[in-house]
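Beneath this line is the structure, given in structure tokens, with notes to follow.
We use all heavy atoms of the structure for the numbers below, so side chains are in, but hydrogens, waters and symmetry mates are not.
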Amino acid sequence: MRSLVIFTLLFLTGNLILAQPADLKNDYFLRQLYKDQSYNTQKDLVLKEFAHVVPGSWGEFVKGVDEDIVTNKKLLALTFDACGGPRGSGYDAELINYLRKEKIPATLFVTGKWIDANYNTFLELSKDTLFEIENHGLNHQPCSVDGESEYGIKGTPDVPDAFDEIEANERKIQFITGRRPKFYRSATAYTDEACAKIARQLDVTVISFDVLSGDAVPFTKIPVIEKSVLSNVKPGALIIMHFNHPEWNTFESLEKIIPVLKKQGYSFSKLETYPLKGK
């Protein structure tokens, strides 16, 4: 049944909008932001600051991107992306329920597209203190100031679109949950140095990963994902996986990985609990 929850969105322009979930969908929501004085003022400041910016390096581990927890403990951060779109808007309920059963905290990076397709589920997850909700971009575009592409996904073409990709989803998540995300992971985890600087200007930290599970490749076999994780973990590592493809082997792999990690003495943390650093 469609949620009857109604949000009151008060923009600094003085416009009062009573929005049902359908009104929070990306296209409509962005149009409303374009009428919001605070959003436009912030965007103008960023455009002025970065008017002549050069992209810098492009990749998963560029300057300004964090990928490790600062700790001496045998501690790991499980992070799960939900990308959204026609082929990425599923929900791996088995995986989430397994984390709940085992009381394992995790950080969930979600796009505006995934929220649009899974509004009630997103609302439920946001209320569960086991999980930390973070920003995976409004439209799941790699963050770029010059249209760089990765894995066939075209990045944001310029600074204004990079701003929208980050900040619009920050505000969307905040409007729904009451909490502004602290961290942003670009689509595909690729970004350029300029976007990392833009995010910092918005008081958002760009996150990559330390351990690549390999579950993003469709139907990767369970032993491959197991090996990818267990062979590369170390204290403070950020592990990247996905919770939007229940038809893939993420849950089945995690069910085997978690007992091994626990036996090795590892525990788990949300990203917001500890300081982070890049390599």
Side-chain angles (χ1 to χ4, degrees), residues 26 30 33-34 39-40 42-69 77 79-85 88 107-114 134-173 180-214 216-217 237-242 271 275-279:
N26 280 0
L30 196 57
L33 284 179
Y34 287 164
Y39 189 82
N40 291 325
Q42 189 176 29
K43 188 170 185 176
D44 287 343
L45 289 172
V46 168
L47 298 188
K48 183 177 179 180
E49 175 76 18
F50 294 93
H52 305 292
V53 71
V54 294
S57 298
W58 171 254
E60 299 159 303
F61 310 109
V62 303
K63 184 178 180 181
V65 173
D66 287 353
E67 60 224 47
D68 288 286
I69 296 173
T79 70
F80 297 89
D81 292 353
C83 305
T107 302
L108 310 180
F109 285 88
V110 296
T111 69
K113 285 185 173 182
W114 191 86
E134 298 298 345
N135 183 357
H136 197 34
L138 188 70
N139 287 305
H140 196 251
Q141 291 182 274
C143 198
S144 163
V145 296
D146 65 352
E148 190 76 60
S149 298
E150 199 62 42
Y151 300 115
I153 305 175
K154 187 170 177 57
T156 50
D158 49 30
V159 172
D161 281 273
F163 176 90
D164 287 341
E165 180 71 6
I166 300 171
E167 181 62 21
N169 207 44
E170 286 285 309
R171 296 195 181 208
K172 179 168 180 166
I173 291 171
R180 180 177 170 86
K182 297 178 180 180
F183 304 115
Y184 163 70
R185 177 182 279 146
S186 176
T188 74
Y190 273 73
T191 187
D192 59 32
E193 291 180 68
C195 280
K197 292 176 182 176
I198 291 170
R200 287 284 184 184
Q201 187 86 348
L202 301 173
D203 199 28
V204 178
T205 300
V206 181
I207 294 295
S208 186
F209 59 88
D210 192 63
V211 176
L212 183 65
S213 68
V217 178
L238 271 63
I239 302 169
I240 184 172
M241 304 184 87
H242 293 77
L271 290 186
L276 302 173
K277 66 175 180 178
K279 288 183 179 177

Does [X] reach the side chain of [Y], with side-chain heavy atoms less than 4.5 Å apart?
X: D68; Y: L276; answer: no
X: Q42; Y: R171; answer: yes
X: V206; Y: D66; answer: no
X: W58; Y: E148; answer: yes
X: I207; Y: L238; answer: yes

Using the test side chain to side chain contact (heavy atoms under 4.5 Å, CB included), find all partners of [X] that sit at least two apart in sequence or belong to another chain.
X: A82; result: V110, W114, F243, N244
X: P160; result: K43, L47, D158
X: K172; result: N26, F29, I115, D116, L138, N169, I176

Quiz question: by atom type and distance under 3.5 Å, do the side chains of R185 and T79 form a donor-acceptor pair?
yes
Work out which heavy atom in [X] is nearest to a heavy atom in [Y]; give both atom names and the distance.
X: D210; Y: A237; result: OD2-CB, 3.5 Å
X: E165; Y: H136; result: OE2-O, 4.3 Å
X: C83; Y: T111; result: O-OG1, 2.8 Å
X: S144; Y: C195; result: N-SG, 3.3 Å

Okay, side chain of [X], backbone of [Y]: is any donor-acceptor separation there less than 3.5 Å?
X: S186; Y: Y190; value: yes
X: K154; Y: G147; value: yes
X: S208; Y: E67; value: no
X: Q141; Y: I153; value: no
X: T191; Y: C143; value: yes
X: N40; Y: Y34; value: yes
X: D192; Y: A194; value: yes

Before accepting this row, confirm whether a basic side-chain N of the pair E193/K63 lies closer than 4.0 Å to the acidic partner's carboxylate O.
no
Determine, for K182 against E170, whether the closest basic-nitrogen to carboxylate-oxygen distance falls under 4.0 angstrom.
no
Can you name the residues that form a ring-ring contact (aromatic ring centres under 6.0 Å, His included) with Y39, not counting sequence neighbours?
F163
Considering residues at least two apart in sequence or located in another chain, which fulfil the ring-ring contact (aromatic ring centres under 6.0 Å, His included) criterion with F209?
F61
Approximate separation, where rounding is to 0.5 Å, of [X] [atom1] and [Y] [atom2]:
X: L108; Y: M241; atom1: CG; atom2: CE; answer: 13.0 Å
X: I166; Y: Y184; atom1: CD1; atom2: OH; answer: 5.0 Å
X: L33; Y: D164; atom1: CG; atom2: CG; answer: 8.0 Å
X: T107; Y: L271; atom1: OG1; atom2: CG; answer: 3.5 Å

Identify all side-chain donor-acceptor contacts of residues 197-204 below 3.5 Å with residues at least two apart in sequence or on another chain.
from	atom 1	to	atom 2	distance (Å)
R200	NH1	T205	OG1	3.4

